[in-house]
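See below for the structure under consideration.
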Number of protein chains: 2
Amino acid sequence: MSRTTTIPTGIKKRDAIATRAAILSAARQRFLRESYDSVGLRDIAGDAGVDVALISRYFGGKEGLFRDVLLHDKDEGLLRQPLTAAELPAYLAQLVIEDGDEDRQHRMEMFIVMLRSASSPKAGEVIRDLVHLDVLGPLAEIIGDEHAELRANMLLAILMGIGVLRTIMKVDALDGSPAQRAECEYRFRCLFEAALTC
Amino acid sequence: MSRTTTIPTGIKKRDAIATRAAILSAARQRFLRESYDSVGLRDIAGDAGVDVALISRYFGGKEGLFRDVLLHDKDEGLLRQPLTAAELPAYLAQLVIEDGDEDRQHRMEMFIVMLRSASSPKAGEVIRDLVHLDVLGPLAEIIGDEHAELRANMLLAILMGIGVLRTIMKVDALDGSPAQRAECEYRFRCLFEAALTC
DNA sequence: CCAACAAGTCAACAGGTGTTGATTTATTTC
DNA sequence: GAAATAAATCAACACCTGTTGACTTGTTGG
């Protein structure tokens with residue numbers, strides 16, 4: 001009686017939730033590598049093995065799809081909630097180095113999606129809301145300083161700058177031997193600490 | 001006998017260099033506020049008071065126009081050449097605060113143009129070349145450290161991150177009273193120093 | 001088994017993009 | 001002043017975009 005039991009072979013079944021998920025997944029991968037404007041709905045539909053029309057039907061349009069990609073992955077917020085100010089530098093440094101569990105890499109990927117499409121007017125609105133509510137807010141709260149807001153901005157600036165450099169500008173001094181990566185992590189931790197204490 | 005002497009009134013004369021300059025100026029202003037993909041050639045042509053066809057004719061296409069906008073403004077490089085490592089933090093901090101002469105603001109604006117359009121595939125190539133040759137290279141040379149390359153990346157990351165935050169994400173904690181701006185400048189100088197010394 | 005409904009397909013639309021060729025207009029040169 | 005050349009205009013092009021409506025097909029409920 002369950003939804004997807006009959007015929008485990010490749011023959012497509014008619015499952016609305018499954019195709020919706022397929023579209024969402026394909027869109028996520030595309031938006032991770034190209035900007036909002038560059039990605040066409042036909043590209044996404046092709047990757048998902050689905051007709052283009054279904055996207056507009058299921059998500060109300062391109063903008064709705066993009067919003068859902070971001071909202072679906074925001075989960076419990078872009079930062080791990082139980083986190084003290086003292087732990088912050090080490091946590092962010094690991095985020096930058098992309099060293100860590102799958103979940104942590106996932107969070108960094110969301111930053112990339114936002115960065116890639118931030119310049120697009122339509123995608124920009126969605127992104128700005130998310131940044132303010134789910135990143136800047138929690139960050140400032142964790143810091144709890146009197147200059148918390150400014151410090152949060154500085155941390156985010158570093159994080160985003162590295163993201164831009166690595167993925168968009170393709171300046172990658174971070175790819176290297178494990179020893180190099182460890183050194184990078186150390187220096188970035190210092191940088192984050194400086195942003196918090198100076 | 002000079003090129004543009006007759007009739008100083010508003011009646012348009014046929015001056016190829018003048019219209020070329022008008023297009024270039026209009027394009028610069030547009031690319032400063034919108035991304036490569038968002039800006040249409042008809043928008044630029046409208047601003048410049050010129051027919052659209054002239055753009056493709058004079059610059060060989062949209063991509064050529066964008067390249068020329070960036071190359072025209074690179075002047076003597078994005079960084080002031082005679083600059084020591086010790087002066088770097090203060091210089092960059094002033095760049096961030098947008099406090100300084102017109103020339104310095106102009107340099108920061110070039111960063112914005114690059115950031116806005118970095119995600120676009122076509123514009124990306126142009127930008128990446130420029131970043132490597134005219135920013136990262138000189139920066140590393142000024143630093144002259146054994147970890148110069150990594151440090152240069154860190155400095156640029158901060159610079160770009162702030163640019164993204166301010167102009168694209170529209171997170172602006174930097175606009176404020178002169179006292180606030182001064183405090184920001186101080187903190188960012190500290191941050192830049194940390195990137196150079198830690 | 002058959003009607004009712006949902007899921008998927010197809011084709012076309014309306015709008016916008018950058019670019020190009022033919023044409024007209026102004027400026028220079030002889 | 002007439003011919004030659006450069007500058008600007010106009011209209012259309014081919015292409016691609018997201019989106020919509022009508023249609024077909026599979027699945028489910030009575």
Side-chain angles (χ1 to χ4, degrees), chain A residues 1-7 9-24 26-27 30-31 34-69 117 120-123 126, chain B residues 1-24 26-27 30-31 34-69 117 119-123 126:
Chain A
M1 287 295 181
S2 79
R3 258 193 139 80
T4 50
T5 41
T6 48
I7 312 172
T9 151
I11 303 166
K12 284 185 193 173
K13 266 209 58 193
R14 291 200 160 186
D15 191 340
I17 343 175
T19 57
R20 210 191 122 98
I23 293 172
L24 217 52
R30 280 281 179 178
F31 286 134
E34 298 167 62
S35 76
Y36 181 84
D37 291 320
S38 301
V39 175
L41 290 187
R42 282 168 179 84
D43 300 329
I44 298 175
D47 292 352
V50 159
D51 194 284
V52 206
L54 288 184
I55 299 184
S56 289
R57 186 143 312 174
Y58 279 168
F59 299 91
K62 190 181 187 181
E63 200 176 342
L65 172 62
F66 186 77
R67 173 176 283 112
D68 275 25
V69 166
S117 300
S120 175
K122 291 181 184 174
V126 184
Chain B
M1 286 297 179
S2 79
R3 259 193 138 82
T4 51
T5 42
T6 47
I7 314 172
T9 150
I11 303 166
K12 284 185 194 173
K13 265 210 58 192
R14 290 202 161 186
D15 191 339
I17 344 175
T19 58
R20 210 191 122 97
I23 293 172
L24 217 51
R30 280 281 179 179
F31 286 133
E34 298 167 62
S35 76
Y36 181 84
D37 291 319
S38 301
V39 174
L41 290 187
R42 283 168 178 81
D43 300 328
I44 299 174
D47 292 352
V50 159
D51 194 285
V52 206
L54 289 184
I55 299 184
S56 289
R57 188 141 310 174
Y58 279 168
F59 297 91
K62 191 181 186 181
E63 201 176 342
L65 172 63
F66 186 77
R67 175 176 280 111
D68 275 26
V69 166
S117 298
S119 296
S120 175
K122 292 180 182 174
V126 185

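Both backbone and side-chain heavy atoms feed into the values below; hydrogens, waters and symmetry mates do not. Here the structure is a predicted model, which means the values were calculated and not measured. Labels below follow one simple rule: chain letters A, B, ... track the order of the sequence lines, proteins then strands, and each chain is numbered from 1.
Contact check for L24(A) versus L65(A): side-chain heavy atoms found under the 4.5 Å cut-off. In this structure, D37(A) and S120(B) have side chains that are not in contact, with every pair of non-hydrogen atoms separated by 4.5 Å or more. With contacts defined as side-chain heavy-atom distances shorter than 4.5 Å, the pair F66(B)/V39(B) does not qualify.
Atom-to-atom, CZ of F59(A) to C1' of dT19(D) comes out at 16 Å; the value is rounded to the nearest Å. Whole-Å rounding puts the I23(A) CD1 to dT9(C) C1' distance at 13 Å. Distance CD (E34(A)) to P (dT17(D)): 11 Å, rounded to an integer number of Å. Between D43(A) atom CG and dT17(D) atom P the separation is 7 Å, expressed in whole Å. Rounded to an integer number of Å, the gap from K122(A) NZ to dG16(C) P is 11 Å. With rounding to whole Å, K62(A) atom NZ is found 15 Å from dT20(D) atom P. Counting to the nearest Å, the C1' atom of dA7(D) and the CD1 atom of I55(B) are 15 Å from each other. Straight-line distance from the CD atom of E63(A) to the P atom of dG18(D): 13 Å, rounded to whole Å.
Side-chain atoms of S35(A) come within 3.5 Å of backbone atoms of S38(A) as a donor-acceptor pair (strictly under, hydrogens ignored). No donor-acceptor pair closer than 3.5 Å links the side chain of Y36(A) to the backbone N or O of P121(A).
At the phosphate of dA7(D), neither OP1 nor OP2 sits under 4.0 Å from any side-chain N or O atom of Y58(B). Distances shorter than 4.0 Å separate none of the side-chain N or O atoms of T19(A) from OP1 or OP2 on dA7(C).
Map Y36(A) and R57(A) each onto its nearest nucleotide of DNA chain D; the residue landing nearer the 5' end is Y36(A). Between R42(A) and L54(A), the residue whose closest nucleotide on DNA chain C is further toward the 5' end is L54(A).
Each of dG18(C), dC10(C), dT9(D) was ranked by its minimum atom distance to the side chain of A53(A); first place goes to dC10(C). Of the candidate nucleotides dG18(D), dT9(C), dT19(C), dT9(C) has the atom lying nearest to any side-chain atom of D51(A).
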